[in-house]
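Data first, discussion second: the structure below is written as structure tokens.
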Amino acid sequence: MSESAYVPAKIWKWDSENGGKFANINRPIAGATYDADLPVGKHPIQLYSLATPNGVKVTILLEELLALGIKEAEYDAFIINIMEGDQFSSGFVEVNPNSKIPALVDRSSKNPQPLFESGAILMYLAEKFDAFIPKHPAQRAQCLSWLFWQVGSGPYLGGGFGHFYAYAPEKFEYAIERFTMEVKRQLDVLDRHLADNKFMCGDEYTIADMAIWPWYGALVQNKVYEAAEFLQTHEYKNLVRWTEEMANRTAVKRGVMVNRSWGEPSEQLRERHDASDFELRTQDKLEDAE
């Protein structure tokens with residue numbers, strides 16, 4: 001059926017066979033589909049995630065906190081395979097009723113604190129450990145403005161452009177053109193801002209950078225949607241400079257590996273329980289040991 005021929009029904013009904021890469025896990029209802037407890041490791045911070053852009057935000061922050069020498073930020077990271085429906089277990093839904101990664105439980109106090117939504121997790125951890133969030137009210141306001149800019153803009157990039165350009169069962173011109181225009185505008189917003197700022201908040205590296213880079217840096221580097229050429233991301237010189245500076249940080253390199261289950265085996269650390277795991281328990285090491 002062509003785009004012009006489609007007429008919405010008077011009352012919508014769920015067609016579970018509507019196609020697309022994520023058709024098997026999308027549904028119009030919430031709640032658990034099966035009973036299973038989440039695993040619990042040895043550290044106070046327990047992360048349940050996958051190395052998608054939203055998941056990488058949190059692992060970058062945790063690795064940056066550890067790089068500062070904040071031992072209390074040590075964490076266990078368990079992989080949630082969203083294509084297999086792990087996010088619909090009763091244990092996961094108890095932490096995140098929205099059934100999306102990442103989810104985190106802070107067990108450092110008598111009453112464990114569940115958290116969901118990547119932006120909220122970043123803000124919670126930054127405030128808990130008093131790091132990567134500015135103390136001055138004006139700079140703090142700027143940091144939170146850019147953090148929530150990403151939270152609000154990301155769905156246009158992912159669920160909008162990314163879905164219709166890379167994942168939809170058919171190519172719809174209107175949808176691709178509409179979301180491409182918006183993503184190009186977002187890239188221009190970032191490029192103009194970074195022309196006068198080393199990081200998103202001037203010279204201070206913050207959770208705003210950690211939130212934005214996994215989405216827009218990955219887009220610039222052609223690591224999501226294979227759309228860098230289509231979007232001509234190389235033209236955004238200031239954004240490219242910032243993207244490369246971020247990518248060269250040791251903690252960022254580690255963060256993108258955690259809960260990763262695709263790509264080169266040496267770049268996959270499917271579960272993370274100790275800093276030594278980056279040397280000893282990447283997927284290539286585990287496969288060699290079998």
Side-chain angles (χ1 to χ4, degrees), residues 43-49 51-77 95-96 100-109 112-155 186 189-190 192-194 196-218 238-239 241-243 245-256 258-259 272 275:
H43 300 297
I45 295 177
Q46 300 292 300
L47 178 66
Y48 306 96
S49 191
T52 66
N54 283 332
V56 165
K57 297 177 193 177
V58 177
T59 49
I60 287 176
L61 174 55
L62 288 167
E63 291 299 328
E64 291 283 9
L65 290 168
L66 292 171
L68 285 182
I70 302 174
K71 296 179 180 179
E72 294 80 5
E74 268 293 358
Y75 68 104
D76 295 282
V95 177
N96 184 0
K100 305 288 184 182
I101 62 94
L104 183 146
V105 180
D106 181 357
R107 296 178 173 272
S108 61
S109 61
Q113 176 64 59
L115 292 131
F116 62 96
E117 290 298 318
S118 57
I121 295 172
L122 291 182
M123 190 170 174
Y124 173 86
L125 292 173
E127 291 182 334
K128 176 183 177 71
F129 296 113
D130 192 24
F132 301 114
I133 188 167
K135 294 179 176 59
H136 189 279
Q139 280 73 52
R140 178 183 171 84
Q142 183 186 38
C143 175
L144 295 181
S145 291
W146 281 111
L147 173 63
F148 285 99
W149 176 88
Q150 188 283 314
V151 171
S153 298
Q186 293 175 3
V189 167
L190 291 171
R192 289 171 183 265
H193 179 70
L194 289 166
D196 301 314
N197 296 274
K198 180 178 181 180
F199 296 111
M200 295 308 301
C201 298
D203 291 331
E204 187 172 357
Y205 177 51
T206 70
I207 54 174
D209 298 282
M210 301 175 205
I212 294 169
W213 182 85
W215 280 105
Y216 295 89
N238 305 303
L239 179 56
R241 183 269 307 162
W242 170 83
T243 292
E245 288 186 17
M246 288 283 295
N248 286 329
R249 296 182 67 90
T250 300
V252 171
K253 293 178 181 179
R254 289 188 165 210
V256 299
V258 179
N259 295 146
R272 188 259 190 227

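Contact of the Gln139 side chain with the Thr206 side chain is not registered, since no non-hydrogen atoms from C-beta on lie closer than 4.5 Å. Side-chain contact between Asn54 and Pro102 is present, with heavy atoms from C-beta onward closer than 4.5 Å. A 4.5 Å side-chain heavy-atom check between Tyr205 and Met200 finds every atom pair outside the cut-off. Glu74 is listed as a side-chain neighbour of His43, based on a closest heavy-atom distance under 4.5 Å. Using a 4.5 Å heavy-atom threshold, the side chains of Ile60 and Val258 count as separate. Side-chain contact between Trp215 and Gln150 is present, with heavy atoms from C-beta onward closer than 4.5 Å. Side chains of His193 and Trp146 form a contact here, defined as non-hydrogen atoms less than 4.5 Å apart. The side-chain heavy atoms of Pro112 and Asp106, taken from C-beta on, include no pair separated by under 4.5 Å.
In this structure, His136 contributes its side chain and Ala138 its backbone to a donor-acceptor pair below 3.5 Å. Looking only at distances, a side-chain donor or acceptor of Arg241 sits under 3.5 Å from a matching main-chain atom of Leu194.
Taking CZ of Arg107 as the start and CG of Asp76 as the end, the distance is 10.5 Å to the nearest 0.5 Å. With rounding to the nearest 0.5 angstrom, the CG atom of Asp196 is 8.0 Å from the CG atom of Asn238. The distance from atom CZ of Phe199 to atom CG of Asp209, rounded to the nearest 0.5 Å, is 6.0 Å. For the atom pair CD1 (Ile70) and NZ (Lys128), the distance works out to 11.0 Å, reported to the nearest 0.5 Å. To the nearest 0.5 Å, the span separating OG1 on Thr52 from NZ on Lys57 amounts to 8.5 Å. Taking CD of Gln46 as the start and OG of Ser108 as the end, the distance is 11.0 Å to the nearest 0.5 Å.
The shortest heavy-atom contact between Leu115 and Val95 is O-CG1, 4.0 Å. Nearest heavy-atom pair, Ala126 versus Ile207, reported as atom, atom and distance to 0.1 Å: CB-CG2, 3.9 Å. What you find for Leu66 and Ala73 is that their closest heavy atoms are CD2-C, 3.7 Å.
Looking at Gln113 and Tyr124, their side chains never bring a donor and an acceptor atom within 3.5 Å of each other. Under the 3.5 Å distance criterion, with hydrogens and angles disregarded, no donor-acceptor pair is assigned to the side chains of Ser118 and Lys100. Counting only N and O atoms by type, the side chains of Asn197 and Trp242 include no donor and acceptor under 3.5 Å apart. There is a side-chain donor-acceptor pair under 3.5 Å between Glu63 and Tyr75.
Remark: aromatic rings of Tyr216 and Trp149 are close, center separation under 6.0 Å.
Salt bridge absent: Glu204 and Arg140 never bring a charged side-chain N and a carboxylate O closer than 4.0 Å.
Checked options Leu104, Ile101, Ile121; the residue passing with Ser49 is Ile101 (criterion: side-chain contact (heavy atoms from CB on, under 4.5 Å)).
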- Message: Using side chain to side chain contact (heavy atoms under 4.5 Å, CB included), reason through Leu47 and Thr59 one step at a time and then give a plain yes or no.
- Response: CA-CA 9 Å; Leu47 178 66; Thr59 49; 3.5 Å; yes
